[in-house]
Amino acid sequence: MTGKSSGYDKRLWGGRFESGPTADVIAFSTSIGIDWRLWLADIDGSIAHAKMLGKQSIIAPDEATAIVNGLSDIRAEIQAELEAGQNPFPADAEDIHSALELRLKAKIGTVAGKLHTARSRNDQVATAFRLTLMREGKALIDEVTALLRGLVAKAEPETETILPGLTHFQHAQPVSLAHHLLAYFWMFERDRERLQQWLIRTSVLPLGSAALAGTSFPLDREFVAKELGFTRPSENSLDAVSDRDFALEFVSDLSLIALHLSRISEELVIWSAPEHGFVELADQVTTGSSIMPQKKNPDVAELIRGRTGRAIGALMQLATMMKGLPLAYNRDLQEDKEPVFYALDSVRGSVRLMGFMLEGAKFNRARMAETIAGDFSNATDLADDLAAKGVPFREAHEISGEVVKHCLKHGRQLESLTANELQALHPLLDSETVAKLKPLAVLNARNTQGGTSPAAVKKQLALAHQRIL
Ligand code: ARG
């Protein structure tokens with residue numbers, strides 16, 4: 001600590017202070033390095049607020065016009081500066097809100113000071129953060145939709161591609177590759193639905209709550225809400241300025257996306273290992289080894305899997321920050337943005353890369369079929385055959401188990417037993433049973449709604465198509 005009192009030379013407060021905060025305190029408290037990302041929403045919020053102040057004659061109409069025009073110009077300037085690769089945000093500003101107001105003052109003079117009438121940074125930041133996340137959330141919904149489309153496209157030709165379905169990571173019953181891929185479709189579809197529902201809840205405008213208690217000025221909050229695309233103004237000013245449920249929920253939704261991405265990544269890692277050989281990932285998403293020339297490593301899948309902790313960590317960080325905060329605004333709340341943006345950037349990148357990785361993935365149908373042969377994943381079908389012929393299922397299960405034992409003892413595959421051989425093991429087993437034990441028959445048999453039969457999966461694909469129209 002230097003102990004030296006330097007002060008914010010451009011702070012928006014200070015009248016009651018003898019001296020300013022020390023350089024260390026300023027460095028400790030500034031948030032511009034993170035909250036610059038609110039710049040566009042903050043300007044849009046200020047424009048809507050200024051229009052309303054003019055309309056309500058809280059400030060003169062020409063003052064409102066000067067502010068609105070000044071802010072519009074600044075918006076265009078910043079856009080251009082960003083596009084040119086410049087940093088439009090002064091590093092010594094307290095936060096993005098101060099930086100923008102000071103820039104407005106430099107542009108239009110002291111009338112800029114009227115913008116903050118009937119407003120506090122507390123309702124301002126809550127509004128800018130919500131609006132930013134609503135916009136980012138919509139963009140993310142589009143990215144998830146693209147991933148959903150990719151999954152459907154990949155699943156479509158694979159309704160008769162058979163691979164082992166697993167429980168306890170042991171071969172259980174065969175499933176189709178289309179069915180397996182579509183399992184992820186529904187996970188990501190729920191994620192998308194969650195984001196859409198989150199958008200509805202988030203679309204509540206804090207602006208007009210002022211510092212915590214509302215304001216003495218005759219605001220038109222409905223007007224501001226409409227201007228900014230919010231559904232309605234908030235009902236309680238104390239809640240509005242201190243609520244961050246929208247951020248928590250957003251990061252929670254991001255965590256679920258990350259978790260689902262991690263699961264499919266894990267499968268791609270396993271499937272691309274030579275023991276499986278179910279998939280070959282494209283060169284663009286794999287890397288080699290600096291020592292072992294033969295290696296083709298699934299780094300992108302591993303990184304997506306490894307980054308799950310970012311979103312979940314951000315959720316813990318944010319929840320811990322919120323816990324125990326008394327009403328209303330507390331400076332702790334400034335800590336809300338970093339974890340959210342960190343999780344968002346990570347998940348968005350992962351969603352994109354997963355789509356790209358799936359697009360280039362080549363599935364090896366023959367290899368999948370090979371692993372089914374003789375794996376006894378049709379033993380349930382032998383039991384089902386007996387049960388359909390009237391044998392109580394528990395008894396049928398026992399008999400089927402004995403047939404499996406017989407095969408293991410004699411080095412046979414269940415599906416290679418002849419009708420005569422089967423009959424010798426149990427009189428109700430016959431040529432019908434033989435037919436039912438073939439891989440495609442096993443698949444076709446599971447024709448329940450939501451089951452893995454090609455016919456059922458085609459219906460599932462039709463439902464999936466409806467969701468991504
Ligand atoms: N940068 C602050 C934040 O993100 C803005 C609000 C500051 N308000 C205050 N009363 N100090 O929370």
Side-chain angles (χ1 to χ4, degrees), residues 8 11-17 29 31 35 38-61 63-64 66-68 70-71 93-102 104-105 110-134 201-247 322 325-337:
Y8 287 103
R11 65 208 140 120
L12 296 176
W13 40 271
R16 59 100 60 226
F17 290 86
S29 354
S31 57
D35 63 22
L38 306 184
W39 76 271
L40 185 57
D42 196 65
I43 291 181
D44 293 345
S46 289
I47 288 177
H49 182 66
K51 278 188 191 166
M52 185 275 293
L53 292 177
K55 183 181 85 69
Q56 297 295 95
S57 303
I58 296 170
I59 62 175
E63 291 169 335
I67 292 170
V68 169
L71 286 167
E94 188 177 345
D95 57 25
I96 187 63
H97 321 290
S98 321
L100 292 172
E101 192 176 323
L102 292 166
L104 183 66
K105 190 178 172 195
T110 50
V111 65
K114 296 216 167 185
L115 169 60
H116 213 53
T117 313
R119 188 176 78 168
S120 154
R121 267 188 299 168
N122 300 347
D123 59 343
Q124 185 182 355
V125 69
T127 301
F129 195 23
R130 266 184 201 252
L131 192 53
T132 302
L133 293 190
M134 282 158 64
R201 267 189 300 283
T202 303
S203 187
V204 176
L205 175 78
L207 206 62
S209 302
L212 76 164
T215 168
S216 55
F217 293 97
L219 304 185
D220 183 348
R221 299 191 62 205
E222 294 281 353
F223 171 85
V224 178
K226 210 172 190 163
E227 282 284 300
L228 291 173
F230 285 89
T231 312
R232 63 173 199 278
S234 54
E235 292 81 5
N236 182 305
S237 59
L238 289 167
D239 179 39
V241 293
S242 62
D243 166 46
R244 294 295 182 274
D245 287 357
F246 64 95
M322 287 305 293
L325 282 191
L327 290 175
Y329 179 85
N330 300 272
R331 189 66 180 266
D332 314 44
L333 289 169
Q334 180 174 287
E335 291 296 304
D336 57 0
K337 287 152 219 95

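As a basis for the values below, the full set of heavy atoms in this structure was taken, side chains included, without hydrogen atoms, waters or symmetry mates.
- A donor-acceptor distance shorter than 3.5 angstrom exists from the side chain of Ser237 to the backbone of Leu212, with no hydrogens or angles considered.
- Shown here for Asn236 and Leu238, the closest heavy-atom pair between the two residues is OD1-N, 2.9 Å.
- Checking side-chain atoms of Ser209 against main-chain N and O of Asp123 turns up no donor-acceptor pair under 3.5 Å.
- Rounded to the nearest 0.5 Å, atoms CG (Asp42) and CD (Gln124) are 4.5 Å apart.
- Scanning both residues, Ala225 and Arg232, for their nearest heavy atoms gives CB-C, 4.1 Å.
- Contact record, Ser120 with Ala210: CB-C, 3.4 Å, taken as the closest heavy-atom pair.
- Smallest separation of non-hydrogen atoms from Leu104 and Leu115: CD2-CD2, 3.9 Å.
- Applying the side-chain hydrogen bond (donor to acceptor under 3.5 Å, both in side chains) criterion to Thr202, with sequence neighbours excluded, gives Trp198.
- A donor-acceptor pair is defined here as one N or O able to donate and one able to accept, closer than 3.5 Å; no such pair exists between the side chain of Arg130 and the backbone of Ser203.
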task: Walk me through it: do Met134 and Phe230 pass the test side-chain contact (heavy atoms from CB on, under 4.5 Å)?
output: CA-CA 10 Å; Met134 282 158 64; Phe230 285 89; 3.6 Å; yes
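- A 4.5 Å side-chain heavy-atom check between Leu205 and Thr127 finds at least one atom pair inside the cut-off.
- At distances below 3.5 Å, not a single donor-acceptor pair connects side-chain atoms of Gln334 with backbone N or O atoms of Arg331.
- When all heavy atoms of His97 and Ala128 are compared, the pair lying nearest together is CE1-CB, 4.4 Å.
- The distance from atom CG of Leu40 to atom OG1 of Thr132, rounded to the nearest 0.5 Å, is 7.5 Å.
- Side-chain contact between Val241 and Pro206: absent, with no pair of heavy atoms (C-beta onward) separated by less than 4.5 Å.
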message: side-chain contact (heavy atoms from CB on, under 4.5 Å), that's the test. Do Leu53 and Lys114 meet it? Break it down for me.
response: CA-CA 9 Å; Leu53 292 177; Lys114 296 216 167 185; over 6 Å; no
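- Distance alone, capped at 3.5 Å, is enough to place a donor-acceptor pair between the His49 side chain and the Thr117 backbone.
- Rounding to the nearest 0.5 Å gives a distance of 9.5 Å between CG of Leu131 and CG of Leu38.
- Of all heavy-atom pairs spanning Ala64 and Ala50, the tightest one is CB-O, 3.5 Å.
- Annotation: the span from Lys337 atom NZ to Leu133 atom CG amounts to 10.0 Å, rounded to 0.5 Å.
- For the pair Asp35 (side chain) and Ile96 (backbone), a donor-acceptor distance under 3.5 Å is present.
- Leu325 CG to Asp243 CG: the interatomic distance, rounded to the nearest 0.5 Å, is 11.5 Å.
- Geometrically, Lys51 does not engage Phe223 in a cation-pi contact defined by less than 6.0 Å to the ring centre and at most 45° from the axis.
- For the side chain to side chain contact (heavy atoms under 4.5 Å, CB included) criterion with Met322, the lone passing option out of Asp332, Leu333, Asp336 is Leu333.
- Of the possible polar contacts, one joining the Asn330 side chain to the Ala328 backbone as a donor-acceptor pair under 3.5 Å is found.
- When only modelled atom types and interatomic distance are considered, Thr215 and Arg119 share no side-chain donor-acceptor pair under 3.5 Å.
- Between the CD1 atom of Ile59 and the CE atom of Met52 there is a distance of 9.5 Å, given to the nearest 0.5 Å.
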task: Go through the steps for Arg121 and Asp95 under the test side-chain contact (heavy atoms from CB on, under 4.5 Å), then give the verdict.
output: CA-CA 10 Å; Arg121 267 188 299 168; Asp95 57 25; 2.8 Å; yes
